[in-house]
> 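Take this structure, written in structure tokens, and hold onto it; I'll ask about it next.
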Amino acid sequence: LLATGYARLANFAFPDSLVPATGVSLPAFTADLLKIDNQAVKKWISYFSGKGHRNFQIWLDRKASCDQLISSILEEYELPPELIYLAVIESGLNFNARSCVGAMGPWQFMPGTGKGYNLQQNWWLDERRDLEMSTRAAAQYLKKLHQRFGDWALVLAAYNSGENRVSRRIRQHGHDNFWDMRLPSQTTAYVPKFIAAARIGENPEKYGFEKNAVPIFEYDVVNVRDATDLELMAKCADVPVGEIIHLNPALLHEASPP
């Protein structure tokens with residue numbers, strides 16, 4: 001409507017000082033989320049930079065370590081790179097994080113959702129804990145959610161509380177404005193929490209955080225023929241066994257599956 005109105009006004013002669021400004025077109029992700037600056041967002045910024053400062057610094061260091069891997073996968077799926085902060089607020093990028101309801105790994109996949117995106121879960125391994133595999137699964141899921149809802153605030157709400165619940169709320173309310181929708185309190189707080197994390201993460205020094213030099217999470221892939229002990233792998237690679245365990249968080253018993 002604004003564009004149409006400005007087009008009509010363009011036919012009139014105005015002094016330069018009165019020519020209407022059309023503004024800059026913002027990416028959908030920025031317009032939907034990152035430009036929001038309400039009290040809920042400010043509350044989370046205050047918490048992260050105050051009482052939660054120590055933990056958030058740890059999360060930022062882990063994010064710096066994993067950034068290269070996660071960003072390359074998000075780019076491959078044509079998703080905004082800022083979605084890395086979803087894993088930051090879900091798990092603090094702790095590969096072994098487990099919720100009280102059974103969600104697991106850096107992206108906190110529930111068992112059923114993980115299986116739906118081909119993440120194996122058995123006695124030997126839980127691929128929800130594998131950074132690369134779980135990030136690919138999360139990228140596929142987030143892309144599907146955006147195709148369904150078309151709004152990033154609703155995508156994050158659906159990731160947190162379930163896509164069917166968000167769809168029901170849209171039907172009940174007769175609109176799809178997340179900020180004027182009755183959802184569980186955890187979900188209502190979840191989107192502002194993400195925005196606050198992204199805002200701090202993109203400019204940490206402004207909020208009193210440091211950009212620390214950390215080792216990049218990178219590795220080579222080696223095929224093994226059968227169940228192989230990680231201690232043997234470490235001996236063959238001439239590295240500490242703890243390093244091999246760290247690079248293979250999906251392996252539950254310090255050995256590859258048969």
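One-based numbering along the sequence shown.
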> Angle class for the Phe56/Trp59 ring planes (parallel below 30°, perpendicular above 60°, tilted otherwise)?
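Correct class here is tilted.
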> Are the side chain of Arg129 and the backbone N or O of Pro249 linked by a donor-acceptor pair below 3.5 Å?
yes
> Kindly determine whether Trp179 and Val191 satisfy side-chain contact (heavy atoms from CB on, under 4.5 Å), including the steps that lead there.
CA-CA 9 Å; Trp179 302 101; Val191 177; 4.0 Å; yes
> Can any side-chain N or O of His146 pair as donor or acceptor with the backbone N or O of Val155 at less than 3.5 Å?
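No; judged by distance alone, with no hydrogens or angles, the pair does not exist.
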> Would you say the ring centers of Phe178 and Phe149 fall short of 6.0 Å from each other?
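Ring centroids of Phe178 and Phe149 are no less than 6.0 Å from each other.
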> Other members of the hydrophobic cluster containing Leu125, with the 4.5 Å side-chain heavy-atom rule, please.
Trp123, Trp124, Val224, Leu230, Met233, Val239, Val241, Ile244, Ile245, Leu251
> Tell me the closest heavy-atom pair linking Ile84 and Leu74, and the distance in Å.
N-CD1, 3.8 Å
> Counting only pairs under 3.5 Å, give me each side-chain donor-acceptor contact of residues 198-205, with atom names and distances, residues two or more places apart or in other chains.
residue	atom	partner	partner atom	Å
Arg199	NH1	Ile36	O	3.4
Arg199	NH1	Asp37	OD1	3.1
Arg199	NH2	Leu34	O	2.5
Arg199	NH2	Ile36	O	2.7
Glu202	OE2	Tyr85	OH	2.7

> Under 4.5 Å between side-chain heavy atoms, chaining through other members, with only Ile, Leu, Val, Met, Phe, Trp and Tyr counted: pull out the rest of the cluster around Met104, sorted by chain and number.
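Answer for Met104: none, a lone residue.
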> Testing the basics here: between Ile216 and Ala64, what is the closest heavy-atom pair and its distance to 0.1 Å?
CD1-O, 3.9 Å
> Tell me yes or no: between the side chains of Thr187 and Arg165, is some donor less than 3.5 Å from an acceptor?
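Judged by distance alone, the side chains do not pair up.
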> Tell me whether the centres of the aromatic rings in Phe217 and His246 are closer together than 6.0 Å.
yes
> Going by distance alone, is a donor N or O of one side chain under 3.5 Å from an acceptor N or O of the other, for Arg62 and Asn94?
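Side-chain D/A pair, Arg62 to Asn94: absent.
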> Kindly give the heavy-atom pair with the smallest separation between Ala196 and Trp44, and that separation in Å.
CB-CB, 3.5 Å
> Show every side-chain hydrogen bond (donor to acceptor under 3.5 Å, both in side chains) that has at least one partner inside residues 209-221, sequence neighbours left out.
Asp61-Asn212, Glu132-Tyr219
> Does a donor on one side chain sit under 3.5 Å from an acceptor on the other, for Asp67 and Ser71?
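Yes, Ser71 and Asp67 have a side-chain donor paired with an acceptor closer than 3.5 Å.
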> May I have the list of side-chain donor-acceptor pairs in residues 107-121 shorter than 3.5 Å, sequence neighbours left out?
residue	atom	partner	partner atom	Å
Trp107	NE1	Thr135	OG1	2.9
Gln108	NE2	Ala97	O	3.0
Gln108	NE2	Gly105	O	2.8
Gln120	NE2	Glu127	OE2	3.3
Gln121	OE1	Arg128	NE	3.4
Gln121	NE2	Pro111	O	3.2
Gln121	NE2	Leu119	O	3.2

> Please tabulate, for the side chains in residues 137-145, all donor-acceptor contacts under 3.5 angstrom to protein atoms that are two or more places apart in sequence or on a different chain.
residue	atom	partner	partner atom	Å
Gln140	NE2	Tyr77	OH	3.4
Gln140	NE2	Arg136	O	3.4
Lys143	NZ	Tyr77	O	2.8
Lys144	NZ	Glu163	OE2	3.3

> Which heavy-atom pair separates Leu83 from Leu156 by the least distance, and what is that distance?
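Between these two residues, the closest heavy atoms are CD2-CD2, 4.3 Å.
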> Could you give the distance from CG (Asn248) to CG (Leu131), rounded to the nearest 0.5 Å?
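The CG atom of Leu131 is 12.0 Å from CG of Asn248, to the nearest 0.5 Å.
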